[in-house]
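The next block holds one structure in the form of structure tokens; read it before the comments.
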Amino acid sequence: MPLLPRRFERLQKVLNRRMSNLTILLENVEKPHNLSAILRTCDAVGVLEAHAVSKTNNTPTFNSTAQGSQKWVKLQSHKKMNEAVSYLKGNGFKLYGTNLGINAIDYRKCDFTGPTAFILGAEKWGLSEEATNMMDKAIFIPMQGMVQSLNVSVATSILLFEAIRQRKVEGLLPEDGEGLDANLYKKTIFEWAYPQVANWCIKQGRKYPELNSKGEITEVLPRTIKLRY
Ligand code: SAM
């Protein structure tokens with residue numbers, strides 16, 4: 001079954017609002033319900049890709065809390081925190097480490113309109129000292145209660161929604177695909193529209209086929225490849 005035009009329009013509408021310059025990095029956040037809630041928030045605010053380092057190096061698992069958002073927000077795994085940090089810094093991100101210590105700054109006093117990565121720590125232990133030392137700034141969300149910290153997925157939501165609030169005020173929220181460069185847009189829309197064909201192309205080491213304006217593949221592919229979404 002080919003991709004329905006309305007489905008393609010919907011994929012474009014969502015991708016048009018994605019941003020490659022807003023992300024998160026999770027250090028050893030392992031609980032499926034937290035990972036799921038975090039990716040769901042990333043999807044909601046328009047994060048293109050999230051990052052994670054896991055102690056166990058296991059494939060992350062999600063549950064129904066994710067509502068399928070893991071299909072729409074790529075979670076890139078890194079083996080070590082320093083590798084993830086170098087990757088993000090190399091791509092121009094400013095790293096905001098969440099930290100409940102006294103030297104951290106109230107997140108509302110920071111400017112998240114430029115390339116921004118929020119770094120969040122493990123459910124039990126928070127951000128490691130090693131990671132904390134690699135951050136550009138330490139930030140915190142002020143707390144008034146008896147419990148010292150928020151759930152990690154709640155903290156992620158607060159920070160991401162603050163980032164898009166600031167970007168909206170500055171007129172920086174993408175509406176027409178300007179949050180991604182053209183090649184990344186083209187690659188992502190193909191992967192969203194035809195994930196099985198994309199996997200096949202990767203295995204074959206070949207370029208993705210071109211799509212026409214209706215989202216149809218413009219070349220004839222082997223009949224064994226499923227076009228179905
Ligand atoms: N005992 C840990 C600590 O002292 O850091 C608590 C970890 S907390 C449950 C898990 C993660 O949620 C933290 O590493 C941080 O990323 C985020 N977080 C929770 N409350 C926060 C707050 N008030 N400000 C900023 N980040 C917070």
Side-chain angles (χ1 to χ4, degrees), residues 19 21-58 60-63 65-66 69-70 73-89 91 93-167:
M19 289 163 277
N21 69 353
L22 178 64
T23 194
I24 54 156
L25 166 60
L26 306 173
E27 186 188 36
N28 303 327
V29 173
E30 312 279 2
K31 293 190 178 154
H33 64 271
N34 284 335
L35 281 174
S36 300
I38 289 170
L39 280 208
R40 191 164 162 182
T41 302
C42 287
D43 174 61
V45 301
V47 166
L48 181 76
E49 185 175 74
H51 298 265
V53 171
S54 155
K55 226 188 283 178
T56 54
N57 278 328
N58 287 340
T61 42
F62 303 97
N63 65 17
T65 307
S69 50
Q70 69 274 26
V73 181
K74 208 179 257 177
L75 184 62
Q76 195 175 322
S77 296
H78 301 265
K79 288 206 173 81
K80 296 220 156 91
M81 212 49 196
N82 59 356
E83 286 171 21
V85 165
S86 309
Y87 175 86
L88 291 172
K89 286 196 174 175
N91 281 286
F93 282 94
K94 187 157 183 177
L95 269 47
Y96 291 93
T98 47
N99 187 316
L100 310 178
I102 47 165
N103 294 324
I105 307 165
D106 183 331
Y107 78 107
R108 294 165 298 188
K109 298 200 171 116
C110 299
D111 177 0
F112 302 131
T113 55
T116 297
F118 295 117
I119 324 298
L120 295 117
E123 288 89 350
K124 196 160 181 187
W125 309 110
L127 213 55
S128 67
E129 202 181 324
E130 181 209 1
T132 303
N133 292 337
M134 292 188 271
M135 299 298 117
D136 293 310
K137 263 195 182 149
I139 55 169
F140 75 103
I141 303 160
M143 307 280 296
Q144 320 287 343
M146 297 287 284
V147 180
Q148 254 193 341
S149 64
L150 293 164
N151 167 277
V152 62
S153 69
V154 174
T156 310
S157 293
I158 291 170
L159 296 173
L160 286 175
F161 273 96
E162 172 60 10
I164 61 160
R165 187 197 66 76
Q166 292 183 7
R167 288 168 186 221

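Start at 1 and go down the list; that is how both ligands and their atoms are numbered.
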Practice task
I would like to know whether Gln70 and Leu75 meet side chain to side chain contact (heavy atoms under 4.5 Å, CB included); could you show each step before the answer?
Solution key: CA-CA 7 Å; Gln70 69 274 26; Leu75 184 62; over 6 Å; no

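- For ligand 1, the atoms closer than 4.0 angstrom to any heavy atom of Glu123 are 7 (C), 8 (S), 9 (C).
- Although no hydrogens or angles enter the test, the distance criterion places a donor-acceptor pair under 3.5 Å between the side chain of Thr23 and the main chain of Glu49.
- Each of the following atoms of ligand 1 lies closer than 4.0 Å to a heavy atom of Met143: 23 (N).
- Here the OG1-CG distance, from Thr156 to Leu120, works out to 4.0 Å after rounding to the nearest 0.5 Å.
- Remark: ligand 1 and Ala122 share no N or O pair separated by less than 3.5 Å (distance only, no angle test).
- Here the protein heavy atom with the shortest distance to atom 17 (C) of ligand 1 is Ala155 CB, 3.7 Å.
- Remark: ligand 1 and Ile119 share no N or O pair separated by less than 3.5 Å (distance only, no angle test).
- No N or O atom of Ser149 sits closer than 3.5 Å to an N or O atom of ligand 1.
- Remark: ligand 1 and Leu120 share no N or O pair separated by less than 3.5 Å (distance only, no angle test).
- By the criterion of a heavy-atom distance under 4.0 Å, the side chain of Leu100, and not its backbone, is placed next to ligand 1.
- For atom 11 (C) of ligand 1, the closest non-hydrogen atom on the protein side is Gly121 O, 3.5 Å.
- Phe112 and Tyr107 have their aromatic ring centers separated by at least 6.0 angstrom.
- Those atoms of ligand 1 with a heavy atom of Leu127 less than 4.0 angstrom away are 14 (O).
- Atom OG1 of Thr113 and atom NZ of Lys94 lie 10.0 Å apart (nearest 0.5 Å).
- For Asn151 (side chain) and Ser153 (main-chain N/O), a donor-acceptor pair under 3.5 Å exists by modelled atom type.
- Checked by distance only, ligand 1 and Lys124 come closer than 3.5 Å through their nitrogen or oxygen atoms.
- For atom 16 (O) of ligand 1, the closest non-hydrogen atom on the protein side is Thr98 OG1, 2.5 Å.
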_As a quick check of understanding, evaluate side chain to side chain contact (heavy atoms under 4.5 Å, CB included) for His51 and Ile119, giving each step before the final call._
CA-CA 9 Å; His51 298 265; Ile119 324 298; over 6 Å; no

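- Rounding to the nearest 0.5 angstrom, the gap separating the NZ atom in Lys137 from the CG atom in Asn103 is 13.5 Å.
- Summarising the geometry, atom CE belonging to Met81 is positioned 6.0 Å from atom OG belonging to Ser128; distances are rounded to the nearest 0.5 Å.
- The closest non-hydrogen atom to atom 25 (C) of ligand 1, taken over Leu26, Val152, Ile141, comes from Ile141.
- Nearest-residue assignment for atom 20 (N) of ligand 1 (options Ile158, Leu150, Asn151; heavy-atom criterion): Leu150.
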